[in-house]
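Values reported hereafter were calculated over all heavy atoms of this structure, with side chains retained and with hydrogens, waters and symmetry mates removed. Convention: sequence-line order gives letters A, B, ...; per-chain numbering from 1.
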Amino acid sequence: MFKQLADPARRSFSVFIDGAEVSARDGETVAAVILRAPPHIARHTPVKETPRAPFCLMGVCFDCLATVDGETSVQTCLVEVQPGMKIERPVGKLRITL
Amino acid sequence: MNSRHDILIVGAGPAGMAAAIELRRLGFAPLVVDEQSAPGGQIWRDVERPRPDALRNALGPDYAAGAEVAGQFRASGVDYRPGTRMWHIEPGLRVFLSQAGKAFVAEPKALLLATGAQERPAPIPGWTLPGVLTVGAAQILMKGSGQIPERPVWIAGSGPLPILYMRQLVAAGGQVAGYLDTTPRGAALRALPHLRSALRGWADLRKGLAWMRALKAGGLHIEKHVTDLVATGTERLEALSYRTADGKAHRVEAEVLLLHEGVVPSIHGTLSVDCAHVWDEAQAALRPALDDWGMTSVEGLYVAGDGAGIAGVRAALARGRLAAQGIAARLGREAGAAEVAGARAELRAASASRGFLDAVFPAPGSSVEIPDDTIVCRCEELTAGEIRAAARIHRGGPNQVKAVTRCGMGPCQGRQCGYTVNRILASAYGQSQADVGFFRIRPPLKPVTLQELAALDEGREAP
Amino acid sequence: MREPDTIVIGAGTVGAAIAYGLARQGQRVLVLDGGDTDFRAARANFGLVWVQGKGRGMPAYQRLTRQSSDLWPGFLEELSEASGGMKIDYERRGGLALTFGENGHQHRADLVAQLERERIADQGSAAGPSDLEMISRPELETLLPELRLGATVSGASFCSRDGHVNPLHLLAALHAGFLRLGGALQGNTRVETIRSESGGFVVTAGQGSWRAARVVIAAGIAGAALGRQVGLDVPIFPQRGQVLVTQRVAPVLPYPCSGLRQTADGTIMIGATKEDVGEDVSTSVRASGWLARKTVDISPDLGRLQLVRHWAGLRTLSPDGCPIYAQSPEWPGVFVVSCHSGVTLAAVHAAVLAPHIAAGALPSEFGPFHHRRFNVQAAR
């Protein structure tokens, strides 16, 4: 869906989306990485479990909510990706009991 | 962790940075908070990062100019806390913020909201499908990640931003499958009376025309006065259909569709403390009522930048300076008359072409019917048909409709449905959009966890 | 519509339930509702259909509340049909009032015992078995297996008649049911005056005026000022309640608790403050912080939840917290209804009160709720 332009000066590293290794670059947001990793979605909604992907990228639509390093319902368009980050795409309502 | 600063600036875009720089120059020590991890706001998102020449050239000189302002901002020595969200403003200006999972309070003497703008929601059937984004989102991806659509992209909507983005995208090696211009017929004619004023902002207009000429010369597929746009697909966007000015229906396969129907001021903060607002007819949006310095009807609460009414980056810089000068005066230190006059002159010049732009790219009004099966509230997944049904039964305003449908009750707090509900009710009741009004905005302005709240000193005793 | 039989002032939960009940009686009913940003307790409601803990010193209120709880399932079935199948999300599996610490548990047990004594004294041999019991922490843990309880939770009182409902769905269904029965609802119409005129009443709002033989004032806080125009000087005052709602989560709380319930949508509602601040519906972090603390005390697991909404509403309270039902002695035909339990009492309002209003007289069971009780107390 999206591709990155070459930028050799920028450090790249791996993160994990639902366990799958994905390449990310220094300083980009988690939402941007999600848009490059099939199936390019952040979650299935808690209301009707429909798939949603990052939409506004500026913190006002809340469609890019995902779990980041165990923290739930994170606005991934506002979070800078870090090496080794574990991102999970929630399906439906959050489960709070472990 | 609580802030003891006399001045709090929320937002480190052009207006917030300009205000901070001016306040530092006048000897103040404000606190600047911002949701993003770096200064620049949306227009100058990630502007400090070095980039390969090809991408820098594609983004253009107006974007690159932000690096200088960000540099001055950093060099000013201002206390700047990125990654910080504002979630509640109490009367008396107690501002609650959250950074890295910890909530804290600021009790400034002056609060400047420089929270900018957001894209006006552009609801069409299928706009919640993965693969549909806003034009602003795509531009942010290009700035922040050097990321562009993999294949030729469809762009639909109206306004200067799609033209700028297409120009940047093509320059960066991307491809546009087609531009579906939804600007209604006759808008250009209605804009003519504004042309004289706009000529003073000639440089801006000429730039836009030149971009469009270059895009056309490059073979851009443009359809004018497009209506009935629908995105279809099951798990993701697969196709779009639309109707062209000649009445013909079209259907094309598509992987990515970018939407844009202009931008509107970010008003949740000022609405949440009941600041007076005015309905801006030309921009079909609310904006806070402000005095000459950008102060709202609430003492000590200022707004600068596009949050004060859409006017662009130059105006935002000028408004930031003016608000800083107003705040300084309020706290007993006058800025020089020449500096104030300079900022005012700059604001006037920067605003010259606005009336023309508003008329050339009018917001879709209540006369443009939103199909019943269109999702209006993305959070609660409610359709235009459901909003209309609620209007038929309860005959209430936006808040009554919200109560009976849940529309606007999700985490986005009505940011993606407020104006759409306003439009639908205006049409259903035969009222003006100004009379219909908007949701009552309640905290939290952004979600906050219960444990963050519980850790605050505030709720030790029952209220 | 032709001249209505009855005008109901207020389309909140109280007014809508009465209007719906009147329409079911075959009456022509016009409901006049206020503006979009009026104080609206109906929009701020917590959604409990609640019996336990209510009516200390007022056994008639215990009786009325239990009657309404028992009428609710039938009322729901009818309303669901009348509204054309609207979703209401009602559940009646019993409810909990959690206790904290040993003292808290004992304190609750004392209240429960007193309410039981008063109930039995009031109803004698007709009282029936108790629906209210104290339960220990281990018993509570088996009732709430998904929730890790906080250290200070010592148990609860459990009432089998308690339940909950989505109050906004209830309101929407009452409006829809009422309209489908031929009623008329007019929004954005803030009633200013009520006057008697040749055997009926004329109600005015702005440029409009409407006539009917009967008028029911169900206008919440505004009922005080309207009542005074027609010889119904009801002592009511606003009390602010602030409520929090979290994001949606998978089912974790199978029973509603007095200040915590999980909705059918999955959100968790947390409430509510009791603040005497006049007509002020602003929200405070003092309240959200306090409510969040209470919630984390119940279960630290809930701390991870995001607060999504926080609002304040005004309860319509009388000095003893119990409802007021009265007909004007000077102007028979004008009734006032005021209570802060409009959701719990919706069934009794629609099924019992409305037919009496249609018939023109309140029977003796409503006698204890006349506002003259406050004059008697004042004179003592």
Which atoms of [X] come close to chain A, meaning under 4.5 Å heavy atom to heavy atom: side chain ones, backbone ones, both, or neither?
X: B:Glu381; answer: both
X: B:Ile148; answer: both
X: B:Arg378; answer: both
X: B:Val256; answer: side chain
X: B:Ala58; answer: neither
X: B:Ala172; answer: both

When heavy-atom pairs shorter than 4.5 Å are enumerated against chain A, which of [options] gives the highest number?
options: B:Arg236, B:Met142, B:Gln36, B:His268; value: B:Arg236
options: B:Gly101, B:Gly116, B:Pro130; value: B:Pro130
options: B:Gln139, B:Glu235, B:Arg51, B:Gln413; value: B:Glu235
options: B:Cys412, B:Pro447, B:Gly136, B:Gly174; value: B:Cys412

Will you find, in the side chains of [X] and [Y], an N or O donor that is under 3.5 Å from an N or O acceptor?
X: B:Gln147; Y: A:Arg36; value: yes
X: B:Ser145; Y: A:Glu28; value: yes
X: A:Gln75; Y: B:Glu35; value: no

Exercise. Checking heavy atoms, do the side chain of A:Ala9, its backbone, both or neither come under 4.5 Å from chain B?
Worked result: neither
Exercise. For A:Pro54, is it the side chain, the backbone, both, or neither that has a heavy atom closer than 4.5 Å to a heavy atom of chain B?
Worked result: backbone
If only atom types and distance count, is the side chain of [X] paired as donor or acceptor with the main-chain N or O of [Y] below 3.5 Å?
X: B:Thr232; Y: B:Ala239; result: yes
X: B:Gln99; Y: B:Pro82; result: yes
X: B:Thr115; Y: B:Gly11; result: no
X: B:Lys402; Y: B:Gly414; result: no
X: A:Asp18; Y: A:Arg89; result: yes
X: B:Asp306; Y: B:Pro265; result: no

For this session: Select all residues of residues 19-27 of chain A having any heavy atom within less than 4.5 Å of some heavy atom of chain B, and report them by number, or 'none'.
Result: A:Arg25, A:Asp26, A:Gly27
Exercise. Between B:Leu382 and B:Thr405, what is the shortest heavy-atom contact and its length?
Worked result: CD1-O, 3.1 Å
Problem set entry | Reported CD1-to-CG distance for the pair B:Ile375 and B:Leu129, which is rounded to 0.5 angstrom | 8.5 Å
Exercise. Ring centres of A:Phe62 and A:Phe55 under 6.0 Å apart?
Worked result: no
Exercise. Can you tell which of A:Leu65, A:Asp63, A:Ile41, A:Thr29 has the highest number of heavy-atom pairs within less than 4.5 Å of chain B?
Worked result: A:Asp63
